[in-house]
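Keep in mind that the numbers below use all heavy atoms, side chains included, and drop hydrogens, waters and symmetry copies.
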Amino acid sequence: MKNTFNVRCFFVLLVLHLVLLKAASASINTLATSAQKDVFDTVKSSVFSDPYPYLPQYKVTRDNFDSNDENVLLKHAKRTLLSHANFIDLGTEHKLLQANGICFSGTWKINRHSPYSGLYLAQTEVPVIVRASVSLSGTKQRDKRAFGIAIKLFPDLTSEVTENIFLMHSLGGTKTKYVANLPMTNEPALGELPPFSQLLTAYRLESDLEEADKAFSGNKANARFRPVSQLANVVTLTKKSLGAEKQAKETKTSNASKASDNTRNTSSKNSNGPYWLKASHKPGTPLVDKDDFRDELSLQHYPNHTLTWILSAAPFHKKGIDKATWQEIGELTLTESVVSLTCDTKLHFNHPIIE
């Protein structure tokens with residue numbers, strides 16, 4: 001009897017132990033999943049937290065470029081190159097340029113094989129926050145709009161560190177009915193001259209941006225060009241992207257030796273990135289006739305509330321981007337949109353330095 005009782009007690013204790021282990025394991029997995037979602041979801045929640053009841057019309061003007069004998073524009077330009085924060089306190093009412101924008105959440109998806117590594121690997125899929133904007137004040141179809149997008153990629157969903165790139169159609173802007181079908185690159189054309197009333201504003205912007213760029217990029221400074229090759233050095237830590245990393249020859253070394261706190265591969269021996277990147281309107285996507293570009297790009301007007309740009313990449317060509325050999329590599333798909341105070345005044349995109 002006593003032995004039978006002991007056996008039964010032991011069996012009950014064993015079962016309880018296994019149940020507790022399973023519960024603890026499930027709890028750990030739940031916490032890990034929650035942590036993985038936390039950074040992107042937190043940024044997205046902030047961006048979508050305070051939508052405007054109407055479309056603001058922030059003015060880009062020289063009157064805001066200086067304050068108390070301080071060159072605020074130059075200070076902001078340098079901060080954009082230095083700060084890797086996802087949100088900043090502007091110190092001004094609104095951005096000094098690219099003041100009016102619309103934000104999106106979506107996905108960066110590479111679905112074609114190419115010679116490129118990192119975030120350009122086939123099967124790479126990471127979440128993104130995107131902000132579309134125009135450089136100066138004009139947001140309407142009658143205005144010359146220097147249209148472009150800033151893309152914030154989240155290669156490691158548990159890290160505050162993000163990767164940021166910029167694509168524009170032209171620096172001077174152009175009058176056009178639509179902006180969604182304007183091809184954008186990381187070395188945009190000069191475009192048309194800005195409106196006469198804003199020529200001096202545009203000149204000041206160009207001058208201070210060049211000065212800030214020279215302070216960090218030295219002789220390689222080029223305010224018209226923003227590098228995108230740095231994405232090839234990034235170790236992706238999302239589930240889908242890890243599968244892509246595993247298949248690539250460029251990433252044979254272990255994740256442990258590559259991964260750092262900021263997910264960037266410190267050794268670039270095996271990395272290979274494009275010199276140019278282009279986003280272009282996906283064929284078959286309808287164009288929306290709305291006067292303000294923010295209304296035009298609001299996803300409520302698109303089938304399935306989705307807008308997609310095709311991503312193409314090209315290596316350097318000594319004769320310039322006009323002679324580039326483009327290869328389609330993937331898609332940038334936007335699935336939610338908002339025009340909000342945080343989108344316009346707090347969300348920050350680090351401008352990569354030319355190295």
Side-chain angles (χ1 to χ4, degrees), residues 28-29 31-44 81-86 105-130 150-167 186 226-277 279 311-316 327 329-333 348-355:
I28 290 171
N29 288 337
L31 286 172
T33 302
S34 176
Q36 276 194 327
K37 292 180 179 178
D38 189 62
V39 176
F40 172 72
D41 285 349
T42 298
V43 173
K44 178 186 171 185
L81 290 163
L82 279 175
S83 175
H84 291 268
N86 291 317
S105 64
T107 305
W108 165 283
K109 185 175 183 179
I110 305 302
N111 51 26
R112 303 284 184 90
H113 290 283
S114 74
Y116 308 121
S117 58
L119 291 178
Y120 296 110
L121 282 172
Q123 298 184 38
T124 295
E125 186 173 340
V126 297
V128 295
I129 295 293
V130 176
I151 306 171
K152 183 181 291 292
L153 299 98
F154 294 77
D156 180 356
L157 298 179
T158 64
S159 172
E160 293 285 344
V161 177
T162 57
E163 298 295 330
N164 301 263
I165 59 172
F166 299 82
L167 306 174
N186 59 310
R226 284 300 96 193
V228 294
S229 58
Q230 71 276 8
L231 298 188
N233 302 328
V234 178
V235 176
T236 51
L237 298 177
T238 61
K239 288 182 179 179
K240 291 184 179 180
S241 296
L242 281 174
E245 292 284 346
K246 205 171 182 181
Q247 294 181 15
K249 292 181 180 179
E250 293 85 359
T251 55
K252 285 182 179 178
T253 54
S254 70
N255 282 343
S257 66
K258 291 185 195 175
S260 64
D261 288 341
N262 65 352
T263 76
R264 181 173 291 282
N265 185 353
T266 55
S267 172
S268 59
K269 287 183 179 180
N270 296 320
S271 68
N272 181 34
Y275 190 79
W276 290 300
L277 186 69
L311 296 172
S312 301
F316 177 76
Q327 176 186 357
I329 59 171
E331 296 181 346
L332 178 66
T333 300
H348 175 67
F349 295 82
N350 171 255
H351 283 53
I353 294 171
I354 303 173
E355 298 177 349

What's the verdict on side chain to side chain contact (heavy atoms under 4.5 Å, CB included) for Asn164 and Ile151, showing C-alpha distance, side-chain angles and the deciding distance?
CA-CA 6 Å; Asn164 301 263; Ile151 306 171; over 6 Å; no
Under the criterion side chain to side chain contact (heavy atoms under 4.5 Å, CB included), I'd like the reasoning laid out for Glu160 against Asn86: C-alpha separation, chi angles, the key distance, then a yes or no.
CA-CA 8 Å; Glu160 293 285 344; Asn86 291 317; 3.9 Å; yes
Check the pair Ile165 / Trp108 against side chain to side chain contact (heavy atoms under 4.5 Å, CB included), numbers first and verdict last.
CA-CA 12 Å; Ile165 59 172; Trp108 165 283; 3.9 Å; yes
Show the numbers, then the answer: is there a side chain to side chain contact (heavy atoms under 4.5 Å, CB included) between Glu163 and Lys152?
CA-CA 6 Å; Glu163 298 295 330; Lys152 183 181 291 292; over 6 Å; no
Should Ser117 and Asn272 be marked as a side-chain hydrogen bond (donor to acceptor under 3.5 Å, both in side chains) after you check the CA-CA gap, both sets of side-chain angles, and the distance that decides it?
CA-CA 5 Å; Ser117 58; Asn272 181 34; over 6 Å; no
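Atoms CG and CZ, from Asn186 and Arg226 in turn, are 10.0 Å apart once rounded to the nearest 0.5 Å. Within the model, atoms OG of Ser312 and CD of Gln327 stand 8.5 Å from one another, a figure rounded to the nearest 0.5 Å. Between atom CG of residue Leu311 and atom NZ of residue Lys109 there is a gap of 12.5 Å, rounded to the nearest 0.5 Å. For the atom pair Gln123 CD and Arg112 CZ, the distance stands at 14.0 Å (nearest 0.5 Å). Ser271 contributes atom OG, which lies 11.5 Å from atom CG of Leu119 (distance to the nearest 0.5 angstrom). With rounding to the nearest 0.5 Å, the separation of OG1 in Thr162 from CG in Asp156 is 11.0 Å.
The salt bridge (Lys or Arg N to Asp or Glu O under 4.0 Å) test applied to Lys44 returns Glu336, not counting sequence neighbours.
Minimum interatomic distance between Gln230 and Pro352 (heavy atoms only, all atoms of both residues): NE2-CG, 3.2 Å. Contact record, Pro274 with Ser229: O-CB, 3.4 Å, taken as the closest heavy-atom pair. Between Leu332 and Val128, the shortest heavy-atom distance links the atoms CD1-CG2, 3.9 Å. The minimum heavy-atom distance between Thr158 and Val39, with the atom names listed, is C-CG2, 3.8 Å. Of all the heavy atoms in Val126 and Phe154, the pair that sits closest is CB-O, 3.9 Å. Ile354 approaches Pro227 most closely through the heavy-atom pair CG1-CD, 3.8 Å.
Looking at Thr107 and Glu125, their side chains come closer than 4.5 Å, going by heavy atoms from C-beta outward. Annotation: side chain of Asn111 is in contact with side chain of Glu331 (closest heavy-atom distance under 4.5 Å). Here the side chains of Leu231 and Leu153 are in contact, with some heavy-atom distance below 4.5 Å.
Listed for the His84 side chain is no donor-acceptor partner under 3.5 Å among the backbone atoms of Asn350.
With Val228 as reference, Tyr120 is the one residue of Tyr120, Phe166, Trp276 to meet the side-chain contact (heavy atoms from CB on, under 4.5 Å) rule.
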